[in-house]
2 protein chains.
Amino acid sequence: MRDPLPSYPGYSLRRAANATAADLSARLGAIGMKQVDASILLLLADNPEVTASALGRQLDIQRANMVPLLKRLEDAGLIARTPIDGKSQGLALTEEGRETMTKARVIIDRFESELLARVPAEHRDHLLPALDALWR
Amino acid sequence: MRDPLPSYPGYSLRRAANATAADLSARLGAIGMKQVDASILLLLADNPEVTASALGRQLDIQRANMVPLLKRLEDAGLIARTPIDGKSQGLALTEEGRETMTKARVIIDRFESELLARVPAEHRDHLLPALDALWR
DNA sequence: TATGGATTGCTATGATCAACAACAATCGCT
DNA sequence: AGCGATTGTTGTTGATCATAGCAATCCATA
């Protein structure tokens with residue numbers, strides 16, 4: 001079947017993103033994590049006491065949609081909230097959260113290196129800069 | 001805020017795909033099209049009389065989910081079905097479907113060239129081959 | 001030619017996800 | 001003191017996708 005779509009970079013971009021995301025999802029699923037969960041944990045590891053709003057801004061997730069996300073992580077005992085002032089609350093990893101984050105990071109690091117390994121050597125170093133130009 | 005995520009190619013891949021997809025969606029919305037719709041029309045333009053199943057396989061869309069998709073396009077008068085045998089039916093663009101497909105292709109071509117233009121020249125030619133390696 | 005496995009189109013359903021509007025409480029600047 | 005902006009939240013909606021199941025039809029082979 002003749003298919004003109006793969007010659008479009010934008011189309012290949014979407015297909016590649018879907019394929020790799022499915023792969024990573026499966027791997028993170030092994031430790032009961034989703035990609036968003038892992039993103040939040042990684043961000044929290046580097047930025048203790050950030051606010052839910054700030055997290056959402058960084059990840060492009062609306063405030064309202066952060067609520068169930070954070071609730072799940074809190075119920076799982078991975079993050080804790082501490083009041084900053086009357087309306088803001090700081091988020092931080094619990095001890096268990098830190099352990100889970102470490103596991104997630106191992107999985108992600110392996111995933112990312114395998115991803116890069118699939119790219120032919122002559123194109124490899126160009127991938128990240130090219131992608132950055134498309135959304136940063 | 002310190003953010004280790006953008007240094008991961010896989011993460012940037014997802015973000016870039018989301019950003020560009022949102023852009024294209026907005027542009028196609030101007031003619032009442034969605035990305036899937038346009039994909040189907042483009043594919044149909046090059047492959048008249050293909051079957052719904054074959055289309056779904058090519059686009060990685062399950063048979064069951066093709067039904068409402070094709071129904072919308074048929075109700076809009078963009079595609080027509082002709083029986084091939086007792087159980088299969090060939091899909092093809094109507095005259096109106098061909099016109100809409102042409103409009104969509106103009107939009108997509110412009111979108112894709114603007115997308116490539118955003119990539120620094122030294123990385124540009126590496127993007128498509130790199131992406132291809134990730135899903136083909 | 002009969003038959004069993006695969007294929008096609010479809011219905012129905014559930015899960016997940018993101019967008020949106022609205023709200024009360026609080027903050028911070030003037 | 002007052003006012004606009006921010007925060008966390010609720011509730012709802014629409015879109016997308018996976019899954020299971022089903023009847024009809026096909027195709028290859030015994």
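Heavy-atom basis, side chains included; hydrogens, waters and symmetry copies ignored. What you are looking at is a predicted structure, and each value in this text was computed from that prediction instead of being measured. Residue numbers begin at 1 in each chain, while the letters A, B, ... track the order of the sequences.
- Between the side chain of B/R124 and the backbone N or O of B/L116, at least one donor-acceptor pair lies under 3.5 Å.
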Could I get a table of every N or O pair under 3.5 Å where one atom is in the protein and the other is in nucleotides 8-12 of chain C?
unit_1	atom_1	unit_2	atom_2	d
C/dT8	OP2	B/R57	NH1	3.1
C/dG9	OP1	B/T51	OG1	2.6
C/dG9	OP1	B/Q89	N	3.1
C/dG9	OP2	B/T51	OG1	3.0
C/dG9	OP2	B/S53	N	2.9
C/dG9	OP2	B/S53	OG	2.6
C/dG9	O3'	B/Q89	NE2	3.2
C/dG9	N7	B/R63	NH1	2.9
C/dG9	O6	B/R63	NH1	3.1
C/dC10	OP2	B/R81	NH1	3.1

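- Straight-line distance from the CD atom of A/E74 to the C1' atom of D/dT9: 13 Å, rounded to whole Å.
- If you take CE of A/M66 and C1' of C/dC20, they are 17 Å apart, rounded to a whole angstrom.
- At whole-Å resolution of the value, CG in A/D37 and P in C/dT16 are 12 Å apart.
- Note: the hydrophobic cluster containing B/V50 also contains B/L41 (ILVMFWY, side chain heavy atoms under 4.5 Å, direct or indirect links).
- Side chain of A/R63 to main chain of A/S53: no donor-acceptor pair is present (N/O by atom type, distance under 3.5 Å, no hydrogens or angles).
- Considering only residues two or more places apart in sequence or on other chains, A/K87 meets the salt bridge (charged side-chain N to carboxylate O under 4.0 Å, His left out) condition with none of them.
- Summary of the strand contacts: A/Q62 and A/G86 both lie near DNA chain C, and taking for each the nucleotide with the nearest heavy atom, the more 5' one is attributed to A/Q62.
- No salt bridge links B/R118 with B/E114; every basic N to acidic carboxylate O contact stays at or beyond 4.0 Å.
- At a threshold of 4.5 Å between side-chain heavy atoms, the hydrophobic network of Ile, Leu, Val, Met, Phe, Trp and Tyr places B/V106 and B/L24 in two separate groups.
- Ring geometry, B/H126 versus A/H126: the interplanar angle falls under 30°, so the pair is classed parallel (tilted spans 30 to 60°).
- Within the helix from C/dT1-D/dA30 to C/dT30-D/dA1, the inter-axis angle between the opening and closing five-pair segments is 30°, rounded to 10°.
- Salt-bridge formation is not detected for the pair A/D109/A/R105: no Lys NZ or Arg NE/NH1/NH2 atom is positioned less than 4.0 Å from an Asp or Glu carboxylate oxygen.
- By the 6.0 Å contact criterion, CG on B/D3 is enclosed, its count of non-hydrogen atoms from other residues, nucleotides or ligands being greater than 12.
- In this structure, A/R72 places its CZ atom 15 Å from P of C/dA15, rounding to the nearest Å.
- Taking atom CE of residue A/M33 and atom P of nucleotide C/dT16, one finds them 15 Å apart after rounding to whole Å.
- Note: CD1 (B/I84) to C1' (D/dT25) measures 13 Å, nearest angstrom.
- D/dG8 atom C1' lies 14 Å from atom NZ of A/K71, rounded to whole Å.
- One interatomic measurement links the two molecules: CG of A/L91 to C1' of D/dT7, which rounds to 12 Å at whole-angstrom precision.
- Within 4.0 Å (heavy atoms only), A/K34 reaches sugar-phosphate atoms of the nucleic acid but no base atom.
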